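From a predicted model like this one, the values you see are computed outputs, not experimental measurements. Order of appearance sets the numbers: ligands from 1, and atoms from 1 within every ligand.
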Amino acid sequence: MPHDTFTFIDNRDNTRYDYPILTGKRGPSVVDIRSFFKDTGMFTYDPGFTSTASCKSTITFIDGAKGELRYRGIPIEELATKHSYLETCYLLLNETLPNAEQLADFDLELRHRAFLHEGLLNLFHAFPDNAHPMATLSAATTALASFYDTHLEINDEAEYQEMARRIIAKIPTIAAYAYRHSLGIPFIYPDVDLSFTENFLTMMRAYPGGKMHRTIEGEAKIRDVEIRALDTIFTLHADHEQNASTTVVRGVASTGAHPYVAIASGIAALWGRAHGGANESVIAQLEMIGSVDNVETYIAKAKDPNDPFRLMGFGHRVYKNFDPRARILKELQDELREELGLDTELMAIARRIEEIALSDDYFISRKLYPNIDFYTGVILTALKIPKSMFTPIFVIGRTVGWVTQWIEFKKDTASKIARPRQLYIGD
Ligand code: CMC
């Protein structure tokens with residue numbers, strides 16, 4: 001028997017079916033079962049796609065057992081400590097890190113593309129004041145498609161890049177406007193003199209006219225430490241292979257819809273607390289726990305099979321070891337503890353949960369480690385970013401991943417409309 005086939009035997013009549021084994025560069029091999037239904041008249045059953053590779057990809061690689069994450073082959077630790085978020089975006093889109101000139105061009109282009117069409121601003125006013133920024137962000141991203149309908153039919157590299165750069169540049173502006181609308185305060189336009197991350201913080205925080213808070217000593221500037229922390233958070237969120245929201249983006253891409261509509265669908269999928277919404281839920285949960293003395297009670301609830309309570313920021317479908325993104329943020333948190341004023345009661349509760357969970361058999365046996373969202377919440381709180389903006393910040397970081405995956409899907413000649421089958425148990 002050749003080494004590169006996998007045999008299924010139907011025990012009802014001993015029929016053999018051979019399927020090719022495809023081997024990638026890293027990670028488990030896959031059995032190519034594309035003709036399985038045609039050959040056997042049966043489907044495979046895999047809710048939640050726990051054993052299914054839905055595509056071939058060159059973008060991101062995760063080894064969940066080792067706790068390893070790479071973008072375009074480069075370890076996340078290297079990107080998060082030696083490169084900026086914009087360099088990471090360039091890497092994902094172009095398969096290589098930029099040189100100084102390429103980075104300067106990319107940065108300048110993004111700064112100039114950050115503005116929104118004035119007509120789009122009306123949309124924000126249609127939302128109630130207390131609208132969650134994720135609702136406004138998703139709707140405004142869908143609306144953006146109507147301003148750039150030429151992106152619907154694109155198939156050359158220059159067009160892909162223009163479409164991608166435009167959405168990466170505009171999402172922070174949309175997110176900041178969604179937030180300011182939720183407070184009922186006027187929008188701050190992007191400033192081409194500011195870097196990607198500082199611009200976003202300014203659009204969120206500044207007074208009308210772009211002025212920052214004035215203190216007795218003078219104007220309170222956005223600090224370098226804040227820019228660095230947020231830039232790292234963006235980098236850590238930039239892509240994560242075939243997660244739930246990316247699967248949605250590829251699914252919408254498969255129907256031929258506009259790329260920005262696919263991204264808006266990704267935003268909707270990310271909002272749920274099992275996915276990107278967990279960062280907001282982590283802090284809400286720490287606030288609910290309220291004191292270090294109450295931690296044990298909530299750990300007991302999380303372990304109780306009859307209680308739906310789950311510890312937010314713990315567990316991951318793929319990582320069965322420490323989430324490498326969480327490890328980087330934990331180090332950053334320790335490094336910036338003083339500068340960011342992280343020694344709060346919330347931090348103390350988080351530390352106690354972490355201590356107990358990492359030594360408790362329930363969590364150890366299920367390989368439940370803190371994930372990225374456990375640490376982003378604490379850092380973003382120290383940056384004085386309100387909870388409702390945590391998931392929009394995840395969106396800002398992830399937009400490059402979604403759009404890169406959208407382009408890869410379009411270029412892949414094996415791509416087909418996403419149309420799973422079912423085991424019908426009705427009647
Ligand atoms: N607290 C308590 N128990 C948990 C938790 C948790 N956070 N997560 C999983 N478990 C238990 C679960 O009850 C099950 O136990 P048992 O085997 O006794 O039934 C076991 O661990 C396996 O859980 P699962 O639900 O089958 O695992 P999954 O791979 O389907 O779900 C998950 C992964 C992330 C949805 C889940 O761990 C979870 O709900 N975590 C909390 C939400 C969260 O932090 N999400 C952010 C994920 S990282 C950011 C991102 O990439 O989106």
With nothing but distance in play, are any N or O atoms of [X] less than 3.5 Å from an N or O of ligand 1?
X	result
Phe309	no
Arg317	yes
Phe363	no
Ile372	no

- Task: Answer yes or no on whether Arg111 is positioned over the face of Phe196, meaning its NZ or CZ is under 6.0 Å from the six-membered ring centre and within 45° of the axis.
- Result: no
- Query: Looking at Tyr362, is Arg366 sitting on its ring face, NZ or CZ under 6.0 Å from the six-membered ring centre and within 45 degrees of the normal?
  - Reply: yes
Looking at [X], which atoms of ligand 1 are within less than 4.0 Å of one of its heavy atoms?
X	value
Arg325	51 (O)
Gly313	43 (C), 44 (O)
Ala302	2 (C)
Tyr362	2 (C), 3 (N), 4 (C), 11 (C), 13 (O)
Arg366	11 (C), 15 (O), 16 (P), 17 (O), 18 (O), 20 (C), 21 (O)
Ala278	43 (C), 44 (O), 45 (N), 46 (C)
Gly276	52 (O)

- Message: Does Glu162 form a salt bridge (Lys or Arg N to Asp or Glu O under 4.0 Å) with Arg166? I'd like the steps, not just the answer.
- Response: CA-CA 6 Å; Glu162 183 187 329; Arg166 178 168 276 138; 3.1 Å; yes
- Task: Only one of His83, Glu95, Arg165 passes side-chain contact (heavy atoms from CB on, under 4.5 Å) with Tyr90; say which it is.
- Result: Arg165
- Message: Yes or no, since that's all I need: does a protein heavy atom fall within a distance strictly under 4.0 Å of atom 46 (C) of ligand 1?
- Response: yes
- Message: Could you check whether atom 19 (O) of ligand 1 has a protein contact, counting only heavy atoms that fall below 4.0 angstrom?
- Response: no
- Apply salt bridge (Lys or Arg N to Asp or Glu O under 4.0 Å) to Lys411 and Glu157, showing your working. CA-CA 10 Å; Lys411 288 181 179 169; Glu157 194 54 37; 2.6 Å; yes
- Side chains of Glu241 and Gln405: is there a donor and an acceptor less than 3.5 Å apart? no
- Message: Please find the pair of heavy atoms, one from Leu236 and one from Ile328, that lie closest to each other, and give the distance.
- Response: CD2-CD1, 3.7 Å
- Should the pair Tyr177 and Phe187 be assigned to parallel (<30°), tilted (30 to 60°) or perpendicular (>60°) ring geometry? parallel
- Message: I want to confirm something. Looking only at heavy atoms, which of Arg273, Gln285, Arg310, Lys303 is nearest to atom 42 (C) of ligand 1?
- Response: Arg273
